[in-house]
Undergrad: 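Take this structure, written in C-alpha cells, and hold onto it; I'll ask about it next.
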Amino acid sequence: MNNDIILAGVGGQGILSIAAAIGLAAVNSNLHIKQSEVHGMSQRGGDVQSHLRISDAPIASDLIPAGKAHLIISVEPMEGLRYMPFLSKNGWLVTNITPFDNIPDYPKVDEILKRVKAVKNHIALDADSIAKECGSTKASNIVMLGAASPFIDIPAAGIEEGIRQLFNRKGEDIVNLNLKAFRAGREYSEKNR
Amino acid sequence: MEKLLLLGDEAIAQGAIDGGLSGIYAYPGTPSTEIMEYVQGSKMAAERNIHRQWSANEKTAMEAAIGMSYAGKRAMVCFKHVGLNVAADAFINSAITGVNGGLVVVSADDPSMHSSQNEQDSRFYGKFAMIPILEPSNQQEAYDMAYQSFELSERLNVPVLFRITTRMAHSRADISRHEVKDQNKLRMPLDPRQYVLLPAIARKNYKKLLSTQPAIELEAEQSKFNAFIPGENHDMGIVATGIAYNYLVENYPNHQCPFPVVRIGHYPIPRKKITELYESCKSLLVIEEGYPMVEEMLRGFFNVGKPIHGRLDGTLPRDGELNPNIVAKALGFPAAGEEPLAEVVKNRPPSLCMGCGHRDVYTDLNEAIKDYSAGRVFSDIGCYTLGALPPFNAINSCVDMGASITMAKGAADAGLVPAVAVIGDSTFTHSGMTGLLDAVNENSPITIIISDNSTAGMTGGQDSSATGKIVDICRGMGVDPSHIRVVVPLKKNHEENVKIIREELAYNGVSVIIPQRECIQTFARRKKTEKKESND
C-alpha cells in the first residue's frame with residue numbers, strides 16, 4: 001500500500017492539521033510516513049503545500065515526484081490547480097470551492113471551477129458551508145479531510161482516531177465538532193463520486 | 001521505546017536531549033527555528049534543567065555554547081545558514097580552542113531561498129574550520145547523528161558542524177529513540193590556557209588542530225553514515241550526499257540503484273570509498289543538495305581525469321533545491337512535471353497579515369515621505385520586509401540583519417538626506433544597536449523607525465530580546481530624548497503619526513520613531529490561551 005497526497009491551500013488555512021490527522025492515523029496503523037511542510041515566509045498569506053506520503057514499505061524522497069500523486073486535497077479552489085502536474089493519470093482532486101481572495105488578480109471563480117471540472121476524477125464541495133452547518137466554519141479543513149478520506153487507504157475509523165488525538169487537548173466539544181465535520185465531508189464524497 | 005513522528009528539526013532536538021545535552025542556544029531563523037522550540041516544549045528538557053532560552057543573536061548564542069562546553073557540558077547551537085555568518089568569528093575560533101564538553105553547531109541551509117536572501121552552503125564553513133560535518137539523509141539519521149555528535153566532538157576535541165537543508169528540517173517521519181544519556185558534570189579544561197588564543201598559544205592550538213586531521217578523516221572513513229553500495233552497472237558511479245540520496249533511489253524500484261553508489265553523511269569525504277568508486281567506474285555523477293562542493297573537489301582545478309558530472313557541467317541545475325524529477329532527468333529518465341500551469345492559476349506571494357501594525361507603519365511612512373524623491377528607505381530582515389511588495393512598495397533594501405540603520409547612515413554620509421531605516425524590534429537588538437551607536441557618534445541625519453511588535457514575527461512569534469527595552473536602549477546609546485517618538489500604529493492615529501514622521505524627517509540628526517503594537521498573530525494566540533485559562 002502506498003498513498004502520495006498533496007495538500008494545498010493558503011498560509012493559515014489549516015492544511016497542517018489535515019496532514020497531522022492522517023499522519024497520526026498512519027502511525028497508529030504502523031505505516032511508514034514522510035510529510036514535508038512549508039514553514040516560514042509563505043505562511044504569511046502565500047501559497048503553501050504539504051507532501052504527505054504513507055506506505056507499508058520504507059519511503060525514500062520527502063517530496064512526491066511529478067505525475068505520481070494519488071490525491072490532491074485543496075482547501076481553496078485555485079490552489080489545487082497549482083499542483084496538477086503532480087497528479088497521476090487516475091488520481092483524484094478533492095477541492096473546496098470557497099475562494100481565498102487576497103491578491104489583486106484573483107481569477108473569476110467560475111473560470112477556476114471550469115478547470116476543476118475538466119479534471120477526470122474530481123470532487124468539488126463547499127466545505128465552508130458544510131462546516132458551518134456542523135457548528136463552525138473553522139472545521140472546513142476537516143470537512144475536506146472527510147471528503148478526501150474515501151481515497152485514502154486507511155479505514156475511516158483510523159482517521160477518526162487521528163482526529164480525536166489531534167484535538168483531544170482542546171476538549172470534547174471541539175473533538176465532536178471535528179468528527180461531525182469529517183463525517184459530513186465523507187458523506188458528500190460518497191454520494192457525489 | 002515508542003515511535004515518534006518528528007520534523008527533522010525536532011528529531012535533532014530529541015537526539016540532542018537523549019544524547020546528554022545541557023544547553024541549547026539559538027536565534028530564530030527558518031528553517032532552524034523548530035529545534036529550539038521543540039526543546040522549549042519538551043517536558044524532559046524541563047526536568048533535566050536544560051538551558052533553552054533564545055539568544056540576542058547567533059554570535060551570542062555561539063559564544064554562550066562555547067562557554068558551556070568550556071565548563072565541561074554538552075552544548076548545541078542552532079541557526080539558519082546566514083546566522084553562521086553572524087557567528088563565524090566565534091565558530092572558526094572554536095575549532096582552534098577545541099572543546100571540553102561536546103559542542104555541536106547546527107546550521108540549516110535554505111536552497112531555493114524559500115525564506116532567505118541566499119542559498120550559501122554551510123559545508124564550506126565546516127571545511128574552512130577543518131572540523132567534521134554531519135549531514136543526515138532522513139529523520140532517523142538526524143536523531144542518531146545528534147545523539148552521537150557530542151561524543152564525536154569530545155573524542156576528537158573539536159566542534160562538530162551539523163548541516164541540514166529546508167526539506168530535512170521541515171519534513172516529518174517516524175523515528176525510534178535510544179537510551180537517554182546522563183549530562184556531563186561540571187569539569188574545567190585540563191589545560192587552563194586551552195581557550196586563551198594569544199598568538200603563541202593559538203599557533204600551538206592550530207598545529208594541534210592540523211595534527212588531528214588524520215583522526216578526523218579516519219572517523220569519517222569508518223562512519224556508519226558513509227557507505228559504499230555496490231551496483232552491477234559500472235558505466236557510472238554515483239556520489240550522493242545527505243538527502244540527495246533519497247532523490248536518487250526514489251527513481252528505482254525497491255530503491256535498488258543499478259550503479260555503484262557512495263553515500264556521504266559524514267565529512268571529510270571518505271577517501272577510500274570514493275577512490276574505489278572512481279577506479280571501478282567509467283564516470284561519476286555527483287548529486288548534492290546545495291553548492292557543488294564535493295563535485296568541485298573531485299574534479300579538481302584541471303578536470304583531467306574521468307568525466308565527472310553534476311551541477312558544474314549542467315547535468316543538474318547549478319542552483320536551487322533538488323527533487324526526484326530533477327535527479328531523474330540527470331539519470332536519463334524522461335522529464336516530468338514541466339507542463340505549464342492553467343492560466344487561471346495566479347502567483348500568490350506572502351503578504352503582511354490583515355490588521356498587522358507594520359501595514360499602518362508603511363501607510364504612515366509613505367504619506368509622510370511622498371514629498372521627497374524616491375529610494376530613501378532602507379529596511380531589514382523580518383515580516384516588514386514584505387513592505388517591498390504591493391500595495392506598499394515602501395522599501396528599497398533588505399540585505400542582512402541590522403543593515404537598515406548602517407546603510408541609511410552610509411547613504412546619508414553620501415548626501416542622501418534624509419535617509420530612513422525601517423527595522424523590527426528583534427532585529428534591532430540582534431544587530432541594529434551597534435549601527436545606531438555609529439549614527440549617534442556622528443549625529444547622522446537619519447530617521448530610524450523601529451517597528452516594535454514585541455516578537456520575532458516572521459519565524460512564528462518567538463520571544464524578542466528587545467521587548468520593553470527599546471526606548472531605554474536608544475536613550476542609553478545617546479539618542480536625544482526629544483527625538484525618540486513612541487507612536488501607536490493604528491488607522492485612527494494616521495494623521496498624527498504622519499505629522500510626527502514629517503517632523504523627524506526634517507530634523508538634521510538621529511531620530512528614532514518607535515511604532516508599538518503587538519503582533520496580531522501573537523495577540524490572537526495570547527487571547528486564546530487567556531480564554532482557555534479563565535475557562536479551566
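Letters A, B, ... are given to chains in the order of the sequence lines, protein chains preceding strands, and every chain is numbered from 1. Because only heavy atoms are used, hydrogens play no part in the values below, and waters and symmetry mates are left out as well, while side chains stay in.
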Undergrad: Would you check, one step at a time, whether the test side-chain contact (heavy atoms from CB on, under 4.5 Å) holds for B:Leu7 with A:His39?
TA: CA-CA 11 Å; B:Leu7 292 176; A:His39 293 205; 3.9 Å; yes
Undergrad: Apply side-chain contact (heavy atoms from CB on, under 4.5 Å) to the pair A:Lys34 and B:Asn138, showing each step before the final yes or no.
TA: CA-CA 10 Å; A:Lys34 277 200 174 178; B:Asn138 59 51; 4.1 Å; yes
Undergrad: Measuring from A:Leu63:CG to B:Ile326:CD1, what's the distance to the nearest 0.5 Å?
TA: 9.5 Å
Undergrad: Set out, in order, the CA-CA distance, both residues' side-chain angles and the distance that settles salt bridge (Lys or Arg N to Asp or Glu O under 4.0 Å) for B:Glu250 and A:Lys68, then state yes or no.
TA: CA-CA 12 Å; B:Glu250 178 71 28; A:Lys68 294 286 170 71; over 6 Å; no
Undergrad: The criterion is side chain to side chain donor-acceptor pair (under 3.5 Å); which residues satisfy it with A:Ser88, sequence neighbours excluded?
TA: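 A:Ser88 satisfies side chain to side chain donor-acceptor pair (under 3.5 Å) with no other residue.
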Undergrad: Write down the atom of B:Ser171, the atom of A:Asp62, and the distance for their closest heavy-atom approach.
TA: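 Smallest interatomic distance, heavy atoms only, reads OG-OD2, 2.6 Å.
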Undergrad: With only heavy atoms counted, which part of A:His51 is less than 4.5 Å from chain B, the side chain, the backbone, both or neither?
TA: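 For A:His51, there is no contact with chain B at all, as no heavy atom is under 4.5 Å.
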Undergrad: Considering only heavy atoms, give the residues of residues 69-86 of chain A separated from chain B by less than 4.5 Å, sorted numerically, with 'none' for an empty result.
TA: A:Glu76, A:Met78, A:Glu79, A:Leu81, A:Arg82, A:Pro85
Undergrad: Name every donor-acceptor pair, under 3.5 Å, that has one atom in a side chain of residues 162-170 of chain A and the other anywhere in the protein, sequence neighbours excluded.
TA:
from, atom 1, to, atom 2, distance (Å)
A:Arg164, NH1, A:Glu161, OE1, 3.4
A:Gln165, OE1, A:Asn28, ND2, 2.6

Undergrad: Taking CG in A:Asp105 as the centre, count heavy atoms belonging to other residues, nucleotides or ligands within less than 6.0 Å. Is the count above 12?
TA: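 Enclosed: over 12 neighbouring heavy atoms sit under 6.0 Å from CG of A:Asp105.
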Undergrad: Mind checking ring-ring contact (aromatic ring centres under 6.0 Å, His included) for B:Phe79 and listing every partner two or more places apart, or none if nothing turns up?
TA: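 Counting only residues at least two positions away or on another chain, B:Phe79 forms no ring-ring contact (aromatic ring centres under 6.0 Å, His included).
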Undergrad: Checking heavy atoms, do the side chain of B:Leu322, its backbone, both or neither come under 4.5 Å from chain A?
TA: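 Only the backbone of B:Leu322 comes within 4.5 Å of chain A.
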Undergrad: Do B:Ser351 and A:Arg44 have side-chain atoms, one donor and one acceptor, less than 3.5 Å apart?
TA: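 The criterion, which ignores hydrogens and geometry beyond distance, is not satisfied for A:Arg44 and B:Ser351.
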Undergrad: Assess whether atom CZ of A:Arg115 is packed by more than 12 heavy atoms of other residues, nucleotides or ligands within 6.0 Å.
TA: no
Undergrad: Within a reach of under 6.0 Å around CZ of B:Phe523, are more than 12 heavy atoms found that belong to other residues, nucleotides or ligands?
TA: no
Undergrad: Pick one of side chain, backbone, both or neither for B:Cys356, based on which atoms fall under 4.5 Å of a heavy atom in chain A.
TA: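 No part of B:Cys356 comes within 4.5 Å of chain A.
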Undergrad: Taking atom OG of A:Ser50 and atom NE2 of B:His170, what is their separation to the nearest 0.5 Å?
TA: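 One finds 12.0 Å between OG of A:Ser50 and NE2 of B:His170.
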Undergrad: For A:Ser36 versus B:Arg167, what's the shortest heavy-atom pair and its separation?
TA: OG-NH1, 3.1 Å
Undergrad: Measure B:Pro349 against the heavy atoms of chain A and call it side chain, backbone, both or neither at under 4.5 Å.
TA: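 Both backbone and side chain.
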Undergrad: Mind ranking B:Asp110, B:Val327, B:Val345 by heavy-atom pairs under 4.5 Å with chain A and telling me who comes out on top?
TA: B:Val345
Undergrad: Count the heavy-atom pairs under 4.5 Å between each of A:Ser61, A:Gly11, A:Pro107, A:Ala26 and chain B, then report the option with the highest count.
TA: A:Ser61
Undergrad: Between B:Glu343, B:Glu34, B:His114, which shows the greatest number of heavy-atom pairs under 4.5 Å with chain A?
TA: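 Most heavy-atom pairs under 4.5 Å with chain A: B:Glu34.
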Undergrad: Any donor-acceptor pair under 3.5 Å linking the side chain of B:Asn325 with the backbone of A:Ala66?
TA: yes
Undergrad: Measuring heavy-atom distances to chain B, does A:Ile59 have an atom under 4.5 Å in its side chain, in its backbone, in both, or in neither?
TA: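 Only the backbone of A:Ile59 comes within 4.5 Å of chain B.
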Undergrad: Please examine the side chains of B:Arg348 and A:Asn102, heavy atoms only from C-beta on, and report whether any two atoms are closer than 4.5 Å.
TA: yes
Undergrad: Could you check which of B:Leu248, B:Asn246, B:Leu386, B:Thr459 has the highest count of heavy-atom pairs closer than 4.5 Å to chain A?
TA: B:Asn246
Undergrad: Please classify the contact between A:Ile103 and chain B as side chain, backbone, both or neither, with a heavy-atom cut-off of under 4.5 Å.
TA: side chain
Undergrad: Measure distances from A:Val10 to the heavy atoms of chain B and classify the residue's part below 4.5 Å as side chain, backbone, both or neither.
TA: side chain
